[in-house]
Amino acid sequence: MPELPEVETVRRELEPQVVGQAIGEAGSHWSAKFTPAVDAIGATITGAGRRGKFLLLPLSDDRELVIHLGMTGKLSFADRLDPDGAGDPYLRAWWQLDDHVLLFHDVRRFGRIRIVPTGDYRTIPTLANAGPEPWDPALTAARFHASIARSKRAVKTQLLSQRPVAGVGNIYADEALWAAQINPKVSRLGLERAGRLLDEVRNALEQGIENGGTTLRDYRNLEGGRGQNQHLLQAYGRTGLPCRRCDTPLTSEVIDARTTVWCPRCQRR
DNA sequence: GTACGGCCCTGTTAGC
DNA sequence: TGCTAACAGGGCCGTA
């Protein structure tokens, strides 16, 4: 599932191939999640940005094309659109650019596309309320700690909310909590532990980007290649396997509707 | 404003 | 072998 490292990997690949390209035609699946794609017709893409897990493509007419990949969304290029659409039953949107066609493929349809006035994210609540980017200099340990202290919910739930820091999903939340030796169910963190968790969130995301993202099943980069970070995971997907710090079998439980994996010994409550 | 549950989706896997 | 149910989970929405 694309989290910040996967979206950033796609953004970096996308940028040189879409910036300056005009959108001549576009089409979409009937779902309202994807129909806004066609509203981009006539505009030129002027950049390729990212905010948390959202891809932001600024357009020449003071609007932004916002793409969320959901769980199974993928972007790719083709020389031309398959005329009968039979080549890809999960094609949800496409944009004819000057040099090629940008395709949005999404099996489970958890992705979504929006076009908004530049910087006006009121119609996208998670984006509008997103916390700072992980490497924002304004995101200090104190600010991160204060953000977590505002809620009584489990720290895992808070990370997934995108409010303390943007871009963390289920995989990198479990990895950061494991590295910081913090139990995912605690709701109170001291300043020092919050600072450690913030450091490990940054480390987990940096490692993910360096390795081209985590491919467990669906995620692919723009070229269709797999990420490599799945080989380096310490917690996510390792239920019952020995903790690589203390050999205790990792345990798991559903927290906030997400399977959460942790070490019962070195991430004690 | 916060907390929580349910829903959207469909391929894969486990169980019978 | 074939069918059914459970599972995966990011974001949104309604309700309390």
Side-chain angles (χ1 to χ4, degrees), chain A residues 1-10 28-36 50-56 66-75 88-93 104-116 121-131 134 146-177 184-188 201 204-205 208 213-220 226-227 229-230 233 235-240 250-262:
Chain A
M1 58 248 40
E3 302 180 28
L4 187 152
E6 292 74 35
V7 177
E8 177 61 21
T9 300
V10 169
S28 78
H29 180 271
W30 56 266
S31 167
K33 292 178 177 179
F34 309 110
T35 52
R50 180 194 54 73
R51 181 80 171 88
K53 305 176 199 172
F54 291 85
L55 272 171
L56 306 175
V66 181
I67 300 173
H68 194 290
L69 299 175
M71 283 183 61
T72 55
K74 302 179 185 76
L75 290 169
D88 182 357
Y90 306 113
L91 181 65
R92 306 307 184 195
F104 182 59
H105 165 114
D106 183 13
V107 173
R108 290 189 207 172
R109 291 200 255 157
F110 273 44
R112 62 199 67 219
I113 295 167
R114 290 279 189 284
I115 294 184
V116 299
Y121 304 128
R122 283 174 295 180
T123 57
I124 310 171
T126 305
L127 182 53
N129 298 318
S147 176
I148 288 174
R150 269 197 288 273
S151 167
K152 293 172 183 165
R153 307 184 85 185
V155 64
K156 167 73 182 268
T157 301
Q158 296 213 53
L159 288 175
L160 296 182
S161 77
Q162 309 299 302
R163 294 205 178 198
V165 58
V168 179
N170 201 33
I171 296 172
Y172 295 97
D174 279 6
E175 292 301 302
L177 288 163
K185 295 163 92 169
V186 302
S187 55
R188 286 175 169 271
V201 165
L205 295 174
T214 301
T215 298
L216 293 167
R217 186 178 301 171
D218 298 297
Y219 167 70
R220 294 290 187 277
R226 301 166 68 90
N229 198 58
Q230 63 276 14
L233 298 180
Y236 183 87
R238 299 194 68 248
T239 304
L250 299 183
T251 190
S252 66
E253 191 176 316
V254 175
I255 299 175
D256 197 33
R258 311 288 180 261
T259 300
T260 300
V261 185
W262 74 95

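Because the structure is predicted, anything quoted here is derived from the model rather than measured.
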**Prompt:** A/Pro125 or A/Phe110: which one's nearest nucleotide on DNA chain C is closer to the 5' end?
**Reply:**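 Result: A/Phe110.
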**Prompt:** Taking for each residue the nucleotide of DNA chain C bearing the nearest heavy atom, is the 5' side occupied by A/Thr123 or by A/Ala257?
**Reply:** A/Ala257
[X] side chain: which of [options] is closest?
{"X": "A/Ser151", "options": "C/dG11, B/dA3, B/dT10", "value": "B/dA3"}
{"X": "A/Lys152", "options": "C/dG9, B/dA3, B/dT2", "value": "B/dA3"}
{"X": "A/Arg108", "options": "C/dG10, B/dT2, C/dA8", "value": "C/dA8"}
{"X": "A/Lys53", "options": "B/dC8, C/dG11, C/dG9", "value": "C/dG11"}
{"X": "A/Arg153", "options": "B/dC4, C/dG10, C/dA8", "value": "B/dC4"}

Rounded to whole angstrom units, what separation is found between the [atom1] atom of [X] and the [atom2] atom of [N]?
{"X": "A/Asn170", "N": "C/dG11", "atom1": "CG", "atom2": "P", "value": "11 Å"}
{"X": "A/Lys33", "N": "C/dC13", "atom1": "NZ", "atom2": "P", "value": "11 Å"}
{"X": "A/Leu4", "N": "C/dG10", "atom1": "CG", "atom2": "P", "value": "13 Å"}
{"X": "A/Leu127", "N": "C/dG11", "atom1": "CG", "atom2": "P", "value": "10 Å"}
{"X": "A/Ile171", "N": "C/dG9", "atom1": "CD1", "atom2": "P", "value": "8 Å"}
{"X": "A/Asp256", "N": "B/dT2", "atom1": "CG", "atom2": "P", "value": "15 Å"}
{"X": "A/His68", "N": "C/dG10", "atom1": "NE2", "atom2": "C1'", "value": "6 Å"}
{"X": "A/Arg150", "N": "B/dA3", "atom1": "CZ", "atom2": "C1'", "value": "16 Å"}

For [X] and [Y], work out which heavy atoms get closest and say how close.
{"X": "A/Pro2", "Y": "A/Met71", "value": "CD-O, 3.3 Å"}
{"X": "A/Gly131", "Y": "A/Ala166", "value": "O-CB, 3.5 Å"}
{"X": "A/Pro36", "Y": "A/Ile113", "value": "CG-O, 3.3 Å"}

[X] side chain N/O closer than 4.0 Å to the phosphate oxygens (OP1, OP2) of [N]?
{"X": "A/Thr72", "N": "B/dC9", "result": "no"}
{"X": "A/Tyr236", "N": "C/dG9", "result": "yes"}
{"X": "A/Arg163", "N": "B/dT2", "result": "yes"}

**Message:** Are the side chains of A/Leu69 and A/Phe104 in contact, using a 4.5 Å heavy-atom criterion?
**Reply:**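 SC-SC contact between A/Phe104 and A/Leu69 confirmed.
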**Request:** Assign A/Arg258 to base, sugar-phosphate, or nothing according to its heavy-atom contacts below 4.0 angstrom with the strands shown.
**Result:** base
**Prompt:** Looking for any heavy atom pair under 4.0 Å, which part of the strands does A/Thr157 touch: base, sugar-phosphate only, or nothing?
**Reply:** nothing
**Prompt:** Which pairs pass salt bridge (Lys or Arg N to Asp or Glu O under 4.0 Å) with one or both residues in residues 162-175 of chain A, sequence neighbours excluded?
**Reply:** A/Lys156-A/Asp174
